[in-house]
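Positions are given from 1, in the same order as the sequence printed here.
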Amino acid sequence: MRDLNRRHVLAGLAGLAPMTVAGRVWAAPKADARLLVVFLRGAYDAANVVIPVSSSFYYESRPNLAIARPGSGVGSALSLDGDWGLHPALASSILPLFQRGEVAFVPFVGTDDLTRSHFETQDTIELGQEVNVRRDYRSGFMARLAHELTRVRPISFTEQLPLTFQGEVAVPNVAINAVGKAGIDSRQTKLITAMYEHGPLSGAVAEGFRVRDEVYQQVTDHMMEASRNAASPKGFELSARRIGRLMRETFNLGFVDVGGWDTHVNQGGATGYLADRLGELGRGLAGFAEEIGPKWNDTVVVVLSEFGRTFRENGNHGTDHGHGSVYWVLGGGVRGGRIAGEQVAVDQPHLFQNRDYPVLTDYRALLGGVIRQLYGLDAASLGRVFANVTPKDLALV
């Protein structure tokens, strides 16, 4: 056997083992509940995705980037209600789900983190802790949620385990868009397993190899199916279908991040860079819903980002770091087809610091409300997931 770095092997495999805590009383998920969090890293421009079409201030503030009002011809916004429209790049993917009542959008949501730093605010959201207290980087909110649930099979579809899954429950992470043949063959697997057979890490090592092989097999099968259809989805579209397959058959609590949303320069309007990214994201989410099949009725997908962007466009035909954002909540059992949550007029007096969307709904309160309805958690359990937060029931689930 080739020389293997013992510490590297353990670091990669120990995180794949399930953990049980003796004497712990856990809450049980409702029926067959599934939750997937999709993190758009880079702060997507929410105002050009869920568009305040009734606001003349929006059109004054974005002479180059604004999406035309519904009914204005090719490239105009898709009507959601009298005040809001949807980016046309989502016409064939997200709009049909919205029309079926399976998508709700929540504007003016975010954190009370005012740093406008990508990294600081991403950490804030993933940890789910209060901003003005010392951070515990070993305790992410999804790890705490997993600790409160029974029959939970968590997974992170990322190259490295994200902060949100750092905690007491060991969680596997798999870069689903780059899954390939395992670097350790079956003979080496048996030797490594035997090496730790009688030690405290025996279960972690064995479970790590089992999950690795299980994910690889399912992804390989799906790739073969896609080839027979003579079309190979790209980027997030392919990843999302793989995730749907894995969450349909094996896992029920997932996290995935999608990068490329920091649009300071040449963002585009109805077409261009942002539109292309949205098209990929929308098709990926629609593909996930299709792939997960009947389980879609018991699944909730939350799409979020660290913050929004400046309401006014900048001199480079882009937008800069902002504050309030728009979250998406999708699922077959979601009470969608609407714009949910507290709202204000989209005009200059209501901007935060005269530049950004305000935050009217705290992201932890929003997620707490969704989690409470999805899993039936009591106040004590929710308090351990999001401390000192009153869940906000927007009747989304």
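Taking OH of Tyr375 as the start and CG of Leu382 as the end, the distance is 12.0 Å to the nearest 0.5 Å.
Ion pairing of Asp32 with Lys295 is present here, as a side-chain N (NZ or NE/NH1/NH2) and a carboxylate O approach within less than 4.0 Å. In summary, Arg116 and Asp320 do not engage in a salt bridge, as defined by a charged side-chain N under 4.0 Å from a carboxylate O. A salt bridge is defined here as a Lys NZ or Arg NE, NH1 or NH2 lying under 4.0 Å from an Asp or Glu carboxylate O, and Asp83 with Arg69 fails to meet this definition.
Contact of the Leu285 side chain with the Ile94 side chain is registered, since non-hydrogen atoms from C-beta on lie closer than 4.5 Å. Between Asn48 and Tyr58 the shortest side-chain heavy-atom distance falls below 4.5 Å. Residues His323 and Thr310 have side chains not in contact (no heavy-atom distance under 4.5 Å, counting atoms from C-beta outward). The shortest side-chain heavy-atom distance between Met142 and Gln166 does not fall under the 4.5 Å cut-off.
Cluster annotation: Ile371 is not connected to Leu127 through the hydrophobic network of ILVMFWY side chains, with a link wherever side-chain heavy atoms come within less than 4.5 Å. Under the 4.5 Å side-chain heavy-atom criterion for ILVMFWY residues, a single connected hydrophobic cluster contains both Val109 and Leu396.
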### Query
Does the pair Glu159 and Asn173 meet the rule for a side-chain hydrogen bond (donor to acceptor under 3.5 Å, both in side chains), with working shown?
CA-CA 7 Å; Glu159 187 171 346; Asn173 64 283; over 6 Å; no

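Taking the ring centroids of Phe157 and Phe255, they lie at or beyond the 6.0 Å cut-off.
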